[in-house]
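In what follows, a structure is listed as structure tokens, so that the remarks can point back to it.
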Amino acid sequence: MRKNTLLISTRKGLIVYTKNNSGKWIFSNVHFIGLPVSMFYADRDSGTWWACLDLGHWGNKLHRSVDKGKNWEEVDAPKYPEGVEIKSGVPASLKYLWSMAGANGKLFIGTEPGGLFISEDAGNSFELVKGLWNHPSRMEQWFGGGRDHPGIHSILIDHEDHNHIHVAISCAGVFETTDGGIVWEPRNKGLKADFLPDPNAEIGQDPHLLVACKSNMKVMWQQNHCGIFRSVDGGNNWSDISDKTGEANFGFAIAADPVKEDIAWVVPAISDEIRVAIDNSVCVCRTENGGKSWDTFRKGLPQNHSFDITYRHALDLD
Amino acid sequence: MAIVKFTSNLKRFYPNLTELQVEAETISKLLDLVNKEYPGIKNYIVDDQNNLRHHVNIFKNDIMINDRIKLSDKISTTDEILIVQALSGG
């Protein structure tokens, strides 16, 4: 089904475009103008829109709309329980609302400093998912990547089994639960972390974004800090599919075709040290063969003096 | 009763916000009473651990409060309390 509404979370508000009969995207509206929107999520089951705001001085806020943005209601953002700690002696408190996903009446929010929260009452209240928070690796082996503390930026719920969930954490890696969140296991075999003493370490990897093919969620993709990786067995094993001599290597965003499991897109940047478009020229790369090769597309993208970078949640499919 | 004044920046989120007169023994209790008048506003002033947010200041008679964690500074009926955002971020 073609999609006709484009909602863009920006530091200046939630900006809405709609597609007209000619197929052209037309500005429609802006919500929360002037306020940073860290994440937007449209719950397809309930139709509820969710907006996470990062108000700086005033903290992180959560708003919902049941009428597609005509009216917004602020609800309590997730709160870390009293007494929980990021590290020994460092109390945990909410720093950032970074990801949302929902299914079967459950709503999840991924946060910095590494807590996953669940609501089972349509967002009226949230609880920390203790199974992940209490994972034995968290205190000593998770750390911040570009942010002060670890953060959950990707939540994938298996649409055939809602208790089967993957999350991706920068920096810790991919974790999987098959029981709705009680027991979690790392799924990082085959990834590389060239910023760690042991690049093959099971914990401490930096997936920038985790996505899956909707028609076969065993096929997963991640744009990682150290390349592009693909798994065909639900994250149990990862293969490096970066184009080491081409563009498709470093970046943040990745999008998977919902039907064809060999197709994915990325938006490359030069490297982790130089985070701008390659040759100051923006391109999108696509593989149609599971990462064996990549094609580069430039038409319609800035090709001169462009210093842009596309972050993890800023690529999607029409 | 102590007078509570707010930065105008909070009017973005609470358009009807005006100064209040509140009878409370501590800053913490004062914020609870303010929150009754303006539901949810406390979450803008303190974080999820009930600590004063890093970039928010509370002044008592032009002097910054001491206890940003438990907000235990005492208040008397003649005090004027000012809640403002810190000047951070340029």
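Bear in mind that the values here come from a model prediction, so they are computed numbers and not experimental data.
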Under 3.5 Å, side chain of B:Asp48 to main-chain N/O of A:Tyr80, donor-acceptor pair present? yes
Nearest 0.5 Å please: distance from the NZ atom of A:Lys95 over to the CG atom of B:Asp47. 7.0 Å
Residues, nucleotides or ligands: over 12 heavy atoms within 6.0 Å of A:His162 NE2: yes
With a 4.5 angstrom heavy-atom cut-off, is it the side chain or the backbone of A:Ala92 that approaches chain B, or both, or neither? backbone
Should the heavy atoms of other residues, nucleotides or ligands under 6.0 Å from CD of A:Glu127 be counted, would the total exceed 12? no
Please work out which of the three classes, parallel, tilted or perpendicular, describes the rings of A:Trp58 and B:Tyr44, given edges at 30° and 60°. tilted
State, yes or no, whether a side-chain contact exists between A:Leu35 and B:Phe13 at a heavy-atom distance under 4.5 Å. yes
Roughly how far, to the nearest 0.5 Å, is CZ of B:Arg12 from CD1 of A:Ile33? 8.0 Å
Taking NZ in B:Lys74 as the centre, count heavy atoms belonging to other residues, nucleotides or ligands within less than 6.0 Å. Is the count above 12? no
Heavy-atom closest pair, residues B:Gln49 and A:Ser93: CG-CB, 3.7 Å
Verify the neighbour count for atom NZ of A:Lys87: are there more than 12 heavy atoms of other residues, nucleotides or ligands below 6.0 Å? yes
Using a cut-off of 6.0 Å, state whether more than 12 heavy atoms not belonging to B:Lys42 lie near its atom NZ. yes
For chain B, which of A:Glu74, A:Glu82, A:Lys79, A:Lys61 has the most heavy-atom pairs under 4.5 Å? A:Lys61
Does atom CG (A:Asp67) have a neighbourhood of more than 12 heavy atoms from anything else shown, all under 6.0 Å? yes
